[in-house]
Q: 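One structure, pasted below without further comment.
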Amino acid sequence: MSDDKLPIRTENFPEWYNQVILRTEMADYAPVRGCMVVRPYGWALWENIQQALDRRFKATGHVNAAFPLFIPMSFLEKEKEHVEGFSPELAIVTIGGGQKLEEPLVVRPTSETIIGYMYSKWIQSHRDLPVLINQWGNVVRWELRTRLFLRTLEFYWQEGHTAHATAKEAEEETLRMLDTYADFAINDAAVPVVPGRKSNAEKFAGAVRSYTIEAMMGDTKALQAGTSHFLGQNFAKAFDIKFSDWNNELQYVWTTSWGLSTRFVGAIIMTHGDDQGLVLPPKLAPIQVVIVPIYKSDEDKSRVMPVVEAITKELVDFRVKVDAREEVTPGFKFNDWEMRGVPLRIEIGPKDVDKGTVVFARRDMLGRAGKSFVSMDQLAAQVAEMLKTIQASLFDRALAFRQANTFDPQNYDDLMQITEKGWALSWWCGDAACEAKVKEDTKASTRCIPLEQPGGAGKCIVCGKPATEKVFFAKAY
RNA sequence: CGGGGUGUAGCGCAGUUCGGUAGCGCACCGCGUUUGGGACGCGGGGGUCGCCGGUUCGAGUCCGGCCGCCCCGACCA
């Protein structure tokens with residue numbers, strides 16, 4: 001339950017973030033360090049994210065399956081970069097049923113290895129390809145510094161794992177799924193993202209190329225909101241995934257993997273939230289419309305409640321909540337649901353019943369500015385229209401914010417200044433040394449080389465050598 | 001793993017200096033009045049004071065040890 005005000009977002013962003021999550025009952029700290037409990041309101045948001053993604057996966061021919069939580073330690077060791085990347089953050093089971101295990105079992109940090117092993121059994125011929133499997137599940141990475149939703153020891157996600165006959169096909173799949181993530185982020189979450197390629201230093205352990213969608217949070221820091229990897233034949237060779245091609249010659253398959261996690265809940269919170277609390281995009285909000293009935297006397301109540309009921313029936317196609325609590329005042333409810341980010345509030349009192357109207361109050365425009373009197377005629381259509389408007393305004397606002405905080409540095413000093421206050425889009429020669437120097441000097445890393453490039457050529461912002469691509473430098477979560 | 005902070009009712013804290021049997025606000029329960037932007041009155045319930053040990057007639061308070069959690073730095077969806 002809400003009592004007093006939240007921390008001011010611009011004054012103490014991390015504290016604001018924590019308080020919003022705890023107070024809106026999205027999640028809570030678990031008794032184990034670095035672990036969280038996703039509470040029903042947070043999980044409902046995640047379920048809507050899952051549905052939005054899952055229907056896109058199905059539409060592109062993918063099917064769901066479930067692979068085990070435990071992976072033999074030796075599996076991870078088969079791919080050199082993979083084990084090097086993940087070994088510092090593995091949880092390892094050494095005892096089972098009171099007996100010391102002959103081979104330790106890793107609690108999966110990701111499932112490329114065990115899925116690769118299974119694919120080697122299942123794939124014989126080019127006729128078995130492509131294999132397009134997705135898994136919804138949880139994974140464990142023993143992180144040192146944790147934050148609710150953004151980085152916890154255990155998190156929930158989906159991981160897609162596909163196998164293809166040709167490199168071209170696999171690369172297409174990698175980009176198709178990156179595009180799927182971008183489409184979801186932009187159109188359902190109203191989170192503007194930059195699709196791009198990761199530098200070698202930032203790529204997934206074991207991938208040939210990694211792609212990402214990067215989003216700017218309300219404090220201008222960057223968040224990797226989803227990733228898609230072209231794994232080449234690295235895992236095919238490690239797990240001997242071979243098929244007979246059209247000429248009856250044995251070939252290694254080409255694989256991809258792509259994932260999006262509960263971290264995205266954090267992305268939504270930090271993209272749209274304001275001092276009043278959460279602001280949820282209508283398409284994903286667990287509650288799209290909250291109805292607050294207003295009355296003083298029993299007589300008023302008996303006039304208002306039937307109208308509330310009738311309206312609720314009319315709005316069956318939306319996720320509607322009627323807040324009929326008697327023990328708190330309407331004013332309290334307004335603040336409470338605003339904190340919880342419900343996109344649209346409908347107030348109905350005796351005066352409205354008399355006039356045949358209701359009050360719409362938009363979450364994205366607080367106070368008087370966001371209130372309007374609306375006729376009860378065609379209410380469902382008006383609600384649909386309003387939710388659409390709010391959805392669009394959230395995206396526009398977030399995009400404008402990102403544009404206002406993205407800069408084109410003219411020299412290295414300029415770059416150092418910019419990384420203190422936003423994103424820098426600069427020419428980069430591609431040399432890891434230049435990248436490392438920036439990180440050393442500014443704590444900003446390369447976020448991605450956007451797929452959309454200005455073209456032409458320039459000089460590397462760090463060393464001045466010729467460069468053909470621009471990269472985003474920014475501090476990141 | 002290093003630095004900082006903290007642990008007393010569900011939450012936020014006071015009490016620890018100087019030992020004497022635990023308190024405040026919010027939340028919770030009951031009744032009544034309230035209700036168009038965070039209501040109020042009256043009455044009530046709830047605590048092995050993080051854990052273990054020591055000193056003492058007596059420990060939330062003093063001494064020793066341990067642990068948890070949060071925040072800040074090196075790795076990461």
Side-chain angles (χ1 to χ4, degrees), chain A residues 1-6 12 14-15 17-19 22-23 28-35 84-90 109-110 138-159 181 198 201-205 210 212-215 222-229 257-267 276-277 292-298 300-301 304 323-339 345-355 357-359 361 366-368 370-371 373 439-440 443 445 476-477:
Chain A
M1 198 69 38
S2 59
D3 40 344
D4 45 15
K5 287 195 160 46
L6 290 162
N12 191 349
E15 191 51 29
Y17 177 78
N18 282 333
Q19 288 296 320
L22 296 173
R23 297 258 298 272
D28 201 355
Y29 290 104
V32 179
R33 179 199 73 85
C35 291
E84 277 173 12
F86 280 107
S87 57
E89 48 186 88
L90 294 179
T110 180
N138 56 340
V139 287
V140 169
R141 298 181 187 177
W142 214 264
E143 303 288 351
L144 301 178
R145 284 206 59 211
T146 58
R147 300 202 62 193
L148 293 170
F149 286 113
L150 302 178
R151 190 174 298 107
T152 46
L153 296 201
E154 180 188 15
F155 58 92
Y156 300 86
W157 74 342
Q158 59 69 218
E159 45 179 325
Y181 287 152
K198 282 285 182 190
E202 300 282 332
K203 80 175 166 61
F204 176 76
S210 286
T212 173
I213 49 169
E214 293 286 323
L223 183 78
Q224 178 173 313
T227 48
S228 187
H229 314 291
S257 68
W258 26 276
L260 186 148
S261 74
T262 37
R263 169 183 269 192
F264 205 95
V265 172
Q276 203 65 19
V292 178
I294 293 156
Y295 47 78
K296 290 188 174 71
S297 61
D298 280 352
D300 283 347
K301 182 182 176 185
V304 168
D323 188 350
R325 284 179 291 178
E326 301 273 3
E327 63 275 16
V328 289
T329 62
F332 179 90
K333 294 176 186 178
F334 296 169
N335 286 283
D336 197 38
W337 293 111
E338 276 168 9
M339 182 179 75
R345 178 176 72 243
I346 299 181
E347 305 168 12
I348 306 173
K351 292 179 215 163
D352 300 299
V353 173
D354 291 340
K355 290 186 292 180
T357 60
V358 298
V359 174
L366 290 172
R368 233 196 170 110
K371 283 202 184 192
F373 290 96
K439 197 163 187 180
E440 175 77 27
K443 286 175 190 161
S445 51
Y477 277 97

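Each chain gets a letter, A, B and so on, in the order the sequences are listed, and its residues count up from 1.
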Q: Given the C1' atoms of C26(B) and C40(B), what is the spacing between them in whole Å?
A: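 About 15 Å, rounded to a whole number of Å.
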Q: Indicate yes or no: at least one non-hydrogen side-chain atom of T110(A) is less than 4.5 angstrom from one of R141(A).
A: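 Sidechains of R141(A) and T110(A): in contact.
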Q: Rounding to an integer number of Å, can you tell me how far E347(A) CD sits from G38(B) P?
A: 12 Å
Q: May F332(A) be described as stacking on the base of A39(B), applying a 5.5 Å centroid limit and a 30° limit on plane angle?
A: no
Q: Tell me: CG of L144(A) to C1' of G3(B), nearest whole Å?
A: 15 Å
Q: Which is true for E15(A) with a 4.0 Å heavy-atom rule: it touches a base, it touches only sugar-phosphate, or it touches nothing?
A: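 Contact class for E15(A): none.
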Q: Quick one: ring-ring contact (aromatic ring centres under 6.0 Å, His included) partners of W337(A), sequence neighbours excluded?
A: none
Q: Tell me the interatomic distance from Y477(A), atom OH, to C75(B), atom P, rounded to whole angstroms.
A: 18 Å
Q: Please measure how far the P atom in G54(B) lies from the corresponding atom in G7(B), and state the result in whole Å.
A: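 After rounding to an integer number of Å, I get 25 Å for this pair.
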Q: Which part of the nucleic acid, if any, lies within reach of S445(A) when heavy atoms closer than 4.0 Å are counted: base, sugar-phosphate only, or nothing?
A: nothing
Q: Looking at C72(B), I'd like to know if its phosphate oxygens (OP1 or OP2) sit under 4.0 Å from a side-chain N or O belonging to R145(A).
A: yes
Q: For the residue pair Y156(A) and F149(A), is the inter-centroid distance of their aromatic rings smaller than 6.0 Å?
A: no
Q: Using heavy atoms to find the nearest nucleotide of RNA chain B for D352(A) and C35(A) separately, return the residue whose nucleotide is more 5′.
A: D352(A)
Q: Have a look at R33(A) and say if it touches a base, only the backbone sugar-phosphate, or nothing, with a 4.0 Å heavy-atom cut-off.
A: sugar-phosphate
Q: In this structure, how many angstroms lie between the C1' atom of A27(B) and the CG atom of D336(A), rounded?
A: 14 Å
Q: Look at all strands and tell whether G349(A) reaches a base, only sugar-phosphate, or nothing, counting heavy atoms closer than 4.0 Å.
A: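 Result for G349(A) = base.
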Q: Please state the P separation for the pair U8(B) and A14(B) - nearest whole angstrom.
A: 11 Å
Q: Rounded to whole Å, please give me the gap between CG in L148(A) and C1' in A77(B).
A: 15 Å
Q: What contact category does K301(A) fall into here, base, sugar-phosphate, or nothing, at under 4.0 angstrom with non-hydrogen atoms?
A: nothing
Q: Do E214(A) and Q224(A) have side chains that approach each other closer than 4.5 Å (heavy atoms only, starting at C-beta)?
A: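 The answer is yes, as the side chains (C-beta and beyond) meet within the 4.5 Å cut-off.
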Q: Classify V359(A) by what it touches in the nucleic acid, base, sugar-phosphate, or nothing, heavy-atom distance under 4.0 Å.
A: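 Since a base atom lies under 4.0 Å of V359(A), the category is base.
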Q: Can you check the distance between G20(B) and G58(B), where both ends of the measurement are the P atom (answer in whole Å)?
A: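 Pairwise P distance, G20(B) against G58(B), rounds to 15 Å.
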Q: Of K203(A), K198(A), E202(A), H229(A), which is the lone residue that meets side chain to side chain donor-acceptor pair (under 3.5 Å) with S210(A)?
A: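 Going through K203(A), K198(A), E202(A), H229(A) one by one, the side chain to side chain donor-acceptor pair (under 3.5 Å) with S210(A) is satisfied by H229(A) alone.
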Q: Expressed in angstrom and rounded to an integer, what is the separation of R23(A) atom CZ from G38(B) atom P?
A: 16 Å
Q: Between P109(A) and F86(A), which heavy-atom pair has the shortest distance, and what is it?
A: CB-CD2, 3.8 Å
Q: To the nearest Å, give me how far apart NZ (K333(A)) and P (A39(B)) are.
A: 11 Å
Q: What's the CD-P distance between E89(A) and C1(B), to the nearest Å?
A: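 Atom CD in E89(A) sits about 18 Å away from atom P in C1(B).
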Q: Between Y29(A) and T212(A), which is nearer to the 5' end of RNA chain B once each is assigned its nearest nucleotide?
A: Y29(A)
Q: Between A9(B) and A27(B), how many Å separate the two C1' atoms, rounded to a whole number?
A: 11 Å
Q: Identify whether any heavy atom of R345(A) sits under 4.0 Å from a base atom; if not, whether one sits that close to sugar-phosphate; answer base, sugar-phosphate or nothing.
A: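 Contact class for R345(A): base.
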Q: Which pair of heavy atoms, one from L223(A) and one from A267(A), lies closest together, and at what distance?
A: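 Closest approach of L223(A) to A267(A), heavy atoms only: CD2-CB, 3.5 Å.
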Q: Using only side-chain N and O atoms of N12(A), determine if any of them is under 4.0 Å from OP1 or OP2 of C71(B).
A: no
Q: Would you measure the distance from the C1' atom in G68(B) across to the matching atom in C52(B) and give it in whole Å?
A: 14 Å
Q: Just wondering, do P350(A) and K296(A) contact through their side chains at under 4.5 Å, heavy atoms?
A: no
Q: Identify the pairs formed between an N or O of the protein and an N or O of nucleotides 33-35 of chain B at a distance under 3.5 Å, and give each distance.
A:
from   : atom 1 : to      : atom 2 : distance (Å)
U35(B) : O2'    : Y295(A) : O      : 3.3

Q: How would you label the contact of L260(A) with the nucleic acid (heavy atoms, under 4.0 Å): base, sugar-phosphate, or nothing?
A: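 The answer is nothing, as L260(A) stays clear of every strand by at least 4.0 Å.
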Q: Using the C1' atom as the point on both nucleotides, what is the distance between C31(B) and G10(B), in whole Å?
A: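 Their C1' atoms lie roughly 24 Å apart.
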Q: With a 4.5 Å heavy-atom cut-off, do E338(A) and R345(A) have their side chains touching?
A: yes
